[in-house]
Amino acid sequence: MRAAPVHSLTFSFAVPGGERTSQGWVRRWSGCSVMGVLNVTPDSFSDGGRHVLLESALASARQMRDQGVLMLDIGGESTRPGAEPVEAAEELDRVLPLVRALASEGILLSVDTMKPEVAAEVLRAGAHLINDVGGLRDSAMRRVCAEAGAAACIMHMQGEPRTMQHRPEYGDVVAEVQGFLRTQARLAEAEGVPSVLLDPGLGFGKTLDHNLALLRATTELSADSWPVLVAASRKRMIDTLAGVPNAAERDPGSLALHLDAARRGAALVRAHAAGAHVQALRVQAALLED
Ligand code: HH2
């Protein structure tokens, strides 16, 4: 019997499902789990702003929790290619009510933000993890996570969302992305961030070939001690590969990419169709453990 690998994240404060240890509160899981996407961005490419209303966002959050996701990822600023940034106050207006409402509902809460001032507020309001598509390059972001004792997701991006898809270029995309993620992880840990997740950042300053090379390298990227998050859900690469212009119709392609990433060692996948992913990953896990 081949047991599924066990992954963990450490926090300096109590978290849902966490175990108190001498290092802090440790949340462990085995195999590949799901981070459910909860966007509260009117311009979000993938759900057409369906979650703008707090009530519907809360209902989606509870449904994903009951379906068995490990954590929710709440986002108030779209980072799709070409997206314009929003002010911190506007981003907070979108995400804070959700964080406050969900803080006591027994689910790990990640907030997808690049702004240290937004991160500080949501962590005070009960969020547990900061998902920074800026890869913790901003020292203020590392400081906010360290001071709060929160875990962080470090994502690789070449350029910035407005322009990143113009002409992405790499010598060796896997080596460059892995080098960046390792450097940022060590820096964050040295500055007191209790634990990090690493994400190659599919579509963030990457062509289809770059994305495919990174997906095929999930085993290599997962070989270090940090858990790896793969986030292919509804991304444009699925349109390029299978001709699906409408993002909301890309869940079958998302599942195919994520199941493959799980087989190659990903600890977490970020998914819009969270329930379908939990089901598919559980079935696949049974096949892998023989
Ligand atoms: N992709 C998006 C947003 N956040 N976070 C991580 N760690 N990795 C990703 O690849 C990633 C992310 C973009 O997708 P989505 O949330 O669907 O769209 P939008 O930014 O328009 O809300």
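Counting convention: from 1, in listed order, for ligands and their atoms alike.
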If you count the atoms of ligand 1 from 1 in the order shown, which ones are under 4.0 Å from a heavy atom of [X]?
X: Leu229; result: 7 (N)
X: Ala231; result: 8 (N), 9 (C), 10 (O)
X: Asp199; result: 6 (C), 7 (N), 8 (N), 9 (C), 10 (O)
X: Lys235; result: 1 (N), 9 (C), 10 (O), 11 (C)
X: Val133; result: 4 (N), 5 (N), 12 (C)

I want to know if ligand 1 touches [X] in the polar sense, i.e. an N/O pair below 3.5 angstrom.
X: Asp73; value: no
X: Ser233; value: no
X: Glu77; value: no

*Could you list the residues that satisfy salt bridge (Lys or Arg N to Asp or Glu O under 4.0 Å) with Arg216, not counting sequence neighbours?*
none
*Charged N to carboxylate O below 4.0 Å: is that the case for Arg62 and Asp66?*
no
*Taking NZ, NE, NH1 and NH2 as the nitrogens, is one of them in Glu189 or Arg186 under 4.0 Å from a carboxylate oxygen of the other?*
no
_Under the rule for ring pair (Phe, Tyr, Trp, His ring centres under 6.0 Å), what residues qualify as partners of His128, not counting sequence neighbours?_
none
*Would you kindly specify which portion of Asp112 sits under 4.0 Å from ligand 1, judged on non-hydrogen atoms: side chain, backbone, both or neither?*
side chain
*Would you say Arg234 touches ligand 1, if touching means a heavy atom closer than 4.0 Å?*
no
*Are any side-chain N or O atoms of Glu191 and backbone N or O atoms of Arg142, one a donor and one an acceptor, separated by less than 3.5 Å?*
no
*Please determine which of Leu109, Val144, Ile130, Ile74 meets the side-chain contact (heavy atoms from CB on, under 4.5 Å) test together with Val122.*
Ile130
*Heavy-atom count around Glu105 CD within 6.0 Å, excluding the residue itself: above 12?*
yes
